[in-house]
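Structure first, commentary second.
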Amino acid sequence: MSAFGETGKKSMYEIKIKEKIEQITSLEDIKLTTPPPGFSGDLSSNAALAAGINPRKLAEALNELDEVEKTEIAGPGFINITLGKEALEEEIKEILSSPALYGGGTKKGKVLFEMVSSNPTGPLHIGHGRGAAIGDSLARIFEKLGYDVCREYYVNDTGNQMQLLGESVKCIQQGQEVPEDGYRGDYIKEIASGLRSSGDLSKAAGEKILRMHFETLKNFGVEYSSTVYESDFIRAKKVEDVIEKMKNKGLTLEKDGALWFKSSQFNDDADRVLVKNDGEFTYFASDCAYHSDKAQRADHLVNIWGADHHGYIERLRAFFKSFGYAEKKRLDIVLYQLVDLKRGNEKVSMSTRAGQFVTLDEVLDEVGKDAARFFMLMRSSDSPLEFDLELAKEESSKNPVYYVQYSHARICSIFRKKGISFEDVKPSDAQGLGDEEREIVKFLAHYPFLLQKCFQLDAPHLLTDYLRQSASTFHKYYDTVKVIGSEKERQRLALLKAVKEIIKDALGLIGVSAPERM
RNA sequence: GCGCCCGUAGCUCAGUGGACAGAGCGUCGGCCUCCGGAGCCGAAAGUCGAAGGUUCGACUCCUUCCGGGCGUACCA
């Protein structure tokens with residue numbers, strides 16, 4: 001059954017063709033491609049080759065579909081499919097009848113996203129922005145597909161770094177030198193001067209910094225539905241509980257005055273300390289409690305982590321296996337590589353020493369939310385990201401954000417010029433599309449499959465590429481065809497509305513606005 | 001040393017085994033009596049880091065090697 005089974009969008013031709021191929025070949029999750037230049041046809045399949053069956057047999061079966069006009073066998077057994085016009089028109093009607101639902105789904109399981117989760121000891125920097133952009137956009141895609149999504153912020157408000165924060169604030173307040181490995185920089189001075197010198201300074205400073213984090217993230221278009229504190233897990237004895245359970249399962253050992261989790265029995269390189277010989281819990285111990293808690297609350301967990309935490313993955317997975325969660329729950333850990341800031345050809349220093357780092361606030365102030373979010377998703381999370389502040393600000397077609405937003409504004413402008421609103425377009429207006437519209441319709445029809453791919457690969461960056469192609473496909477089409485005043489004005493306006501809706505939807509999924517004028 | 005990620009056009013990067021490897025930028029050359037030129041069209045540009053292997057078929061999977069980044073705490 002296709003991933004779209006629950007949506008009821010049965011008129012989508014790619015689904016019908018896929019299902020037919022899967023039925024004939026017994027293959028699962030086959031993919032359709034586009035024939036290479038020089039070959040005719042709209043879609044192409046290698047399924048006969050892959051399944052080792054006679055391509056003619058599959059081609060004949062496909063010919064029986066209403067959506068298929070004809071098929072051709074090419075090369076070693078590829079089948080090139082030409083779609084019927086009705087199938088293409090149906091697709092546009094589908095988009096127009098419920099734009100927001102196109103490619104979406106309903107009633108799926110609960111997914112819990114953990115993202116950013118920075119220590120409350122300093123401002124969020126540009127790297128956190130990448131994590132937030134990836135996590136929030138992926139969360140939006142999951143929501144669109146029908147999942148019940150929770151965005152959660154886990155606050156590491158215990159441990160050495162919090163004590164150091166308190167000490168740093170205290171030193172500043174008393175006009176003393178900040179400790180060697182303490183926190184400095186302008187932000188900490190501001191916080192110190194805004195706090196009373198009595199009470200729990202580390203707690204007060206941490207809360208203040210956390211509020212700053214949420215403020216920044218809100219400006220970045222990211223809103224959380226839940227915040228959890230490491231200190232609460234400790235206070236509520238949840239860390240003790242999980243360690244007790246580990247002991248009972250025979251998963252621990254004592255060595256050198258510390259308590260260890262036997263994670264090497266579950267594919268980790270080494271055993272890991274849970275309770276230090278001074279009696280304190282490690283970060284890992286509270287993380288086990290936290291992930292145990294998350295596993296009770298959701299079917300599918302997604303953690304967005306900076307690549308510098310990759311060494312942590314195996315021990316967490318080891319914990320998941322040892323508690324039997326691994327079989328029942330899906331745990332995705334999305335790692336993202338670092339961000340290199342540039343200004344034109346100049347590298348911007350990212351040293352964290354002495355508080356000299358580029359904060360997310362600074363980037364937002366300089367380039368704005370739309371450009372920042374778009375740029376953060378221009379690369380696969382596996383690749384380092386080169387972020388050019390100069391380009392992000394540029395108001396020209398060199399800047400992909402403007403290029404895409406412009407295509408949206410341009411379509412809005414055409415409707416203004418014609419003097420009608422988008423609501424005036426009816427799905428039935430798509431009736432009678434011509435061959436000139438073929439390419440662009442096929443491109444739009446692929447949107448739901450792109451969303452599936454984003455979902456399957458945890459790869460929201462595919463959307464930025466799709467958006468650039470959407471804009472380009474539209475501009476090319478619009479350059480060759482007359483819309484207002486043409487014989488096919490009604491059909492073409494309907495098509496433009498469909499393009500506009502898909503671009504708006506996709507921009508929304510990456511948290512970028514779709515302006516009607518620029 | 002070990003582990004993870006990366007190595008594809010001058011630059012930045014797409015490409016979850018299939019037909020001749022793609023895009024943006026940059027370079028060069030075209031297109032504004034015409035709905036937004038913030039646009040479009042064309043050209044030059046590649047031994048997909050190297051070598052083996054698996055396969056009817058490899059940028060993609062496996063092995064080894066060479067570069068670069070990041071980890072490798074009783075820190076978080």
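Lettering follows sequence order; numbering is per chain, from 1.
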Check your understanding: For A:Ile333 and B:C5, what is the distance between atoms CD1 and C1' respectively, to the nearest whole Å?
Key -> 15 Å

Point to revise | Pairing residues for A:Lys417 by the side chain to side chain contact (heavy atoms under 4.5 Å, CB included) criterion, not counting sequence neighbours | key: A:Ile484

Practice item. Please state the P separation for the pair B:U47 and B:C65 - nearest whole angstrom. Key: 26 Å

Exercise for review: Quote, to the nearest angstrom, the P distance that separates B:A38 from B:A21.
Suggested key: 36 Å

**Study point:** Rounded distance in Å - CZ (A:Arg468) to C1' (B:A38)
**Key:** 15 Å

Check your understanding: If we take the P atom in both B:U12 and B:G7, what is their distance in whole Å?
Key -> 12 Å

Point to revise | ring centroid sep under 5.5 Å plus plane angle under 30, A:Phe78 with B:A19 | key: yes

Check your understanding: Quantified in whole Å, what is the C1' atom distance between nucleotide B:A19 and nucleotide B:A58?
Key -> 14 Å

Review point. Once you round it to whole Å, what is the distance between P of B:G18 and CG of A:Leu49?
Key: 11 Å

Point to revise | 5' precedence on RNA chain B between A:Phe284 and A:Leu335 (nearest-nucleotide basis) | key: A:Leu335

Check your understanding: Can you give one letter per nucleotide of nucleotides 6-12 of chain B, 5' to 3': B if a protein heavy atom sits under 4.0 Å from the base, S if only from the sugar-phosphate, - if neither?
Key -> S-----B

Check your understanding: Nearest to the side chain of A:His475, which nucleotide is it out of B:G18, B:C40, B:A19?
Key -> B:C40

Point to revise | Spacing of the C1' atoms in B:A9 and B:A73 (rounded, Å) | key: 44 Å

Review point. Rounded to the nearest Å, what distance is computed from the CH2 atom of residue A:Trp305 to the P atom of nucleotide B:A76?
Key: 14 Å

**Study point:** Integer-rounded Å distance: B:G69 C1' and A:Leu385 CG
**Key:** 14 Å

Check your understanding: Counting distance only, does the side-chain N/O of A:Ser513 pair as donor-acceptor with the main-chain N or O of A:Pro515 below 3.5 Å?
Key -> no

**Study point:** Near-ring test A:Phe443/A:Tyr477, centroid separation under 6.0 angstrom
**Key:** no

Exercise for review: Looking at every strand, decide which applies to A:Ser380 at a 4.0 Å heavy-atom threshold: base, sugar-phosphate, or nothing.
Suggested key: sugar-phosphate

Check your understanding: Does B:C56 adopt a syn or an anti glycosidic conformation, taking syn as a chi angle within 90° of 0?
Key -> anti

Check your understanding: Should we say atom NZ of A:Lys418 is surrounded by more than 12 heavy atoms from elsewhere, each under 6.0 Å from it?
Key -> no

Study note, to complete from the structure: To the nearest angstrom, the CE-P distance between A:Met378 and B:G22 comes to 22 Å

Check your understanding: Using atom P of each nucleotide, how far apart are B:A14 and B:G24 to the nearest Å?
Key -> 16 Å

Review point. Base, sugar-phosphate, or nothing for A:Ala270, non-hydrogen atoms under 4.0 angstrom?
Key: nothing

Check your understanding: On a whole-Å scale, what distance lies between the C1' atoms belonging to B:U54 and B:U64?
Key -> 15 Å

Review point. Within the pair A:Tyr403 and B:C40, is there a side-chain N or O less than 4.0 Å away from OP1 or OP2?
Key: yes

Check your understanding: Hey, is CZ on A:Arg416 packed in by over 12 heavy atoms from elsewhere, all under 6.0 Å?
Key -> yes

Exercise for review: Please state the C1' separation for the pair B:G52 and B:C13 - nearest whole angstrom.
Suggested key: 29 Å

Exercise for review: State which residues pass side-chain hydrogen bond (donor to acceptor under 3.5 Å, both in side chains) with A:Arg272; sequence neighbours excluded, sorted by chain then number.
Suggested key: A:Asp268

Study note, to complete from the structure: note: A:Asp268, atom CG; B:C2, atom C1'; distance rounded to Å ~ 13 Å

Practice item. Answer yes if the ring centres of A:Phe214 and A:Tyr153 are under 6.0 angstrom apart, and no otherwise. Key: yes

Check your understanding: Quick one: are the ring centres of A:Phe266 and A:Phe320 less than 6.0 Å apart?
Key -> no

Point to revise | A:Val404 and A:Phe374: CA distance, side-chain angles, deciding distance, side chain to side chain contact (heavy atoms under 4.5 Å, CB included) verdict | key: CA-CA 10 Å; A:Val404 172; A:Phe374 195 100; 4.2 Å; yes

Check your understanding: Is the closest side-chain donor-acceptor distance between A:Thr121 and A:Gln161 under 3.5 Å?
Key -> no

Exercise for review: Measure centre to centre between the rings of A:His475 and A:Tyr403, then say whether the value is under 6.0 Å.
Suggested key: yes

Practice item. May I ask you to check whether A:Asp465 and A:Gln469 show a side-chain donor-acceptor distance below 3.5 Å? Key: yes

Review point. Say you draw a straight line from NZ of A:Lys497 to CD1 of A:Ile502; how long is it, rounded to the nearest 0.5 Å?
Key: 11.5 Å

Point to revise | Range-with-range stems of RNA chain B (Watson-Crick or G-U pairs under 3.5 Å, three or more in a row) | key: B:1-7 with B:66-72, B:10-13 with B:22-25, B:27-31 with B:39-43, B:49-53 with B:61-65

What pairs of nitrogen or oxygen atoms, one from the protein and one from nucleotides 33-36 of chain B, lie under 3.5 Å apart?
from	atom 1	to	atom 2	distance (Å)
B:C34	O2'	A:Lys482	NZ	3.4
B:C35	N1	A:Tyr478	OH	2.6
B:C35	O2	A:Ile484	N	2.9
B:C35	N3	A:Tyr478	OH	3.3
B:C35	N3	A:Val483	N	3.1
B:C35	N4	A:Tyr478	O	2.9
B:C35	N4	A:Val481	O	2.4
B:G36	OP1	A:Ser413	OG	3.4
B:G36	O2'	A:Tyr406	OH	2.1
B:G36	O2'	A:Arg410	NE	2.9
B:G36	N7	A:Ser413	OG	2.4
B:G36	O6	A:Arg416	NH2	3.4

Point to revise | Between B:G68 (C1') and A:Leu338 (CG): distance, integer Å | key: 13 Å

Point to revise | Among B:A19, B:G15, B:G17, the nucleotide that comes nearest once only the side chain of A:Lys31 is considered | key: B:G17

**Study point:** Phosphate contact (B:G24 OP1 or OP2) by A:Lys398 side-chain N/O below 4.0 Å
**Key:** no

Exercise for review: For the pair A:Tyr402 and A:Tyr406, evaluate ring-ring contact (aromatic ring centres under 6.0 Å, His included) and give the outcome as yes or no after the intermediate values.
Suggested key: CA-CA 6 Å; A:Tyr402 277 84; A:Tyr406 173 67; 9.8 Å; no

Please write out the pairs of protein N or O atoms and N or O atoms of nucleotides 71-74 of chain B separated by less than 3.5 Å, giving the distance to one decimal.
from	atom 1	to	atom 2	distance (Å)
B:C74	O2	A:Asn277	N	2.7
B:C74	O2	A:Asn277	OD1	3.3
B:C74	N3	A:Asn277	ND2	3.2
B:C74	N4	A:Asp256	O	2.9

